[in-house]
2 protein chains.
Amino acid sequence: MPNDRADKILQLVNDAKKIDVTQLADKLHVSKVTIRKDLTKLEDKGLLQRKHGFALINNPNNLSYRLAQNYDTKLRIAQRAAQMVAVDETIMIESGSTCALLAAQLGKLDKHVTIITISYFIANFVERYPNLDVFLLGGKYQSDSQVVVGPMAKAALANFRVGQLFIGTDGFDPNTGFYGNDIMRTDIVQAMAQNAQALNILTDSSKFAAPSIIRSFTADRVHTVVTDSGIPQACSRVLQQSGVQLIQVDA
Amino acid sequence: MPNDRADKILQLVNDAKKIDVTQLADKLHVSKVTIRKDLTKLEDKGLLQRKHGFALINNPNNLSYRLAQNYDTKLRIAQRAAQMVAVDETIMIESGSTCALLAAQLGKLDKHVTIITISYFIANFVERYPNLDVFLLGGKYQSDSQVVVGPMAKAALANFRVGQLFIGTDGFDPNTGFYGNDIMRTDIVQAMAQNAQALNILTDSSKFAAPSIIRSFTADRVHTVVTDSGIPQACSRVLQQSGVQLIQVDA
DNA sequence: GCGATTTATTTACGAACGAAACCAATTGTG
DNA sequence: CACAATTGGTTTCGTTCGTAAATAAATCGC
């Protein structure tokens, strides 16, 4: 299946929440059989749900939804990031969609890694990989994003000190740094960063155009950014001036 | 749909892991259309999954699987237990299937309750009820049962002290008390009990016949047992002699 | 005890399904 | 350049799907 049709399908499904096979076949000028095959593959990737006659999107706000956007780019970023993790290392992972793919990649590579995370989605996402040990922080459960936050989660962090923390971002401003859009999640991520030697950000380049609400980190706090080649030059220049290791995977 | 056919379908699906509509219609002497309607309802309850042509059971060990056994009895037990919880109360809930239904009942009653649990399944199960606040303990994640266990989870308990704890059980022996079948889960449940004034057990009566491996609690530690009327008289006598409040819902 | 209503089931039918055979285009290899 | 192998797509076929209308059984009110 060509990637651009997959993207279009996801776009249409996301927009409509629910759309039937006939409509998709119509809009994309292919047969229904082809659409059905596409949908089966996308369902296998966990990007949507199929029902008899139509497809529907998983609860937005949910990671499954966010995963659907720029899936292939995120997958390549995650594959690259997985190389940064050593056998038997213990890492922290935040709740971003690209972070979830990183965890899955580590699972596929079949090297033993211990993961500490605030995301129950990620914990479940990697269920089938016995080489991954997962520790979850406790705290107030945000059911829409499937993460724990709040003072209890921060307190639980006291038990851990790791080499690397992997997070996503919701936005970036060349002058002021990285941003989040949920104050509780931003808060816990900042606390995680205090217990990690290296802060690594995984994000597709679209976030470098997007402004957001709450500043999470200034650029000089960040050790490595893994993104794709679509990042604006103004951003990449700032990052490198701030001493950030910038890794760009091919678009 | 008559309850007994529903039970038979679940039985057959559980035994076979996967069974097609034609076979079900054959064995239960009803039309395929009727089977399909039944399956749709059972899927809505979350007790199985439908695919094109057949039904399959959710990962055993998983709560969805255990929920499927004696569903109606468990629901009545949960409904009764829900009456024991006051508005704005904070309770602890362990990971049993009947406990999950209790949480859902509390959600439906639309009274505000704060729930502290070790079960990600329960946290997600009640996602749609805004009147429930859920706090999850942190710890090592057991992906098959979707709970957190271990020393970290026990340490997190230090922050909480509640009036009521609701748990399930895997077995009961009149002479020695209640039993579990997973040492890690039994361990964390015992720790939870130390931080709760009243220990309440929710279980269908089948468990009173079933022996299990690890003793969790002697009968006199238990405040209330909610079960159905199928409990052996020897057991009910012992419980009452031990000062347990025994509540039996109609079978 | 008996019509009225509800609930359970079946029959009938057009739409949707998965699997397999088939038909290009594209790619890689000698 | 030829010609296998791969990939993306369609057509066809027998089966399963959900819905609606028809029928049978159970329940209720009086």
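In what follows, every chain begins at residue 1, and chains take the letters A, B, ... in the order their sequences are listed.
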In whole Å, what is the span from the [atom1] atom of [X] to the [atom2] atom of [N]?
{"X": "A:Asp20", "N": "D:dT19", "atom1": "CG", "atom2": "C1'", "result": "16 Å"}
{"X": "A:Asp26", "N": "D:dT10", "atom1": "CG", "atom2": "P", "result": "13 Å"}
{"X": "B:Asp38", "N": "D:dT16", "atom1": "CG", "atom2": "P", "result": "17 Å"}
{"X": "B:Ile9", "N": "C:dA8", "atom1": "CD1", "atom2": "P", "result": "13 Å"}
{"X": "B:His29", "N": "C:dA8", "atom1": "NE2", "atom2": "C1'", "result": "17 Å"}
{"X": "B:Arg50", "N": "D:dT15", "atom1": "CZ", "atom2": "P", "result": "19 Å"}
{"X": "A:Arg36", "N": "D:dT10", "atom1": "CZ", "atom2": "C1'", "result": "12 Å"}
{"X": "B:Glu43", "N": "D:dT16", "atom1": "CD", "atom2": "C1'", "result": "15 Å"}

Candidates B:Ile57, B:Ile19, B:Asp7 - the one meeting side-chain contact (heavy atoms from CB on, under 4.5 Å) with B:Leu12:
B:Ile19

Please name the residue in the list A:Asn200, A:Leu199, A:Thr169, A:Ile167 that meets the side-chain contact (heavy atoms from CB on, under 4.5 Å) test with A:Val222.
A:Leu199

Minimum-distance nucleotide (side-chain atoms of A:Val30 versus C:dT10, D:dC17, D:dT10):
D:dT10

Of the candidate nucleotides C:dA16, C:dA19, D:dG8, which contains the atom at the shortest distance from the side chain of A:His52?
C:dA16

Quick one about B:His112 and B:Asp88 (side-chain donor to acceptor, distance below 3.5 Å, no hydrogens or angles considered), yes or no?
yes

Hydrogens and angles aside, do B:Asp204 and B:Thr73 bring a side-chain donor and acceptor to less than 3.5 Å of each other?
no

Give a yes/no answer on whether the side chain of [X] brings an N or O atom under 4.0 Å of OP1 or OP2 in [N].
{"X": "A:Thr34", "N": "D:dT10", "answer": "yes"}
{"X": "B:Lys32", "N": "D:dC17", "answer": "no"}
{"X": "A:Thr22", "N": "C:dA16", "answer": "yes"}
{"X": "A:Arg5", "N": "D:dG9", "answer": "yes"}

Over 60° means perpendicular and under 30° means parallel, so tell me whether B:Tyr120 and B:Tyr141 are parallel, tilted or perpendicular.
perpendicular

Check: D:dT10 base within 3.5 Å donor-acceptor of A:Lys37 side chain
yes

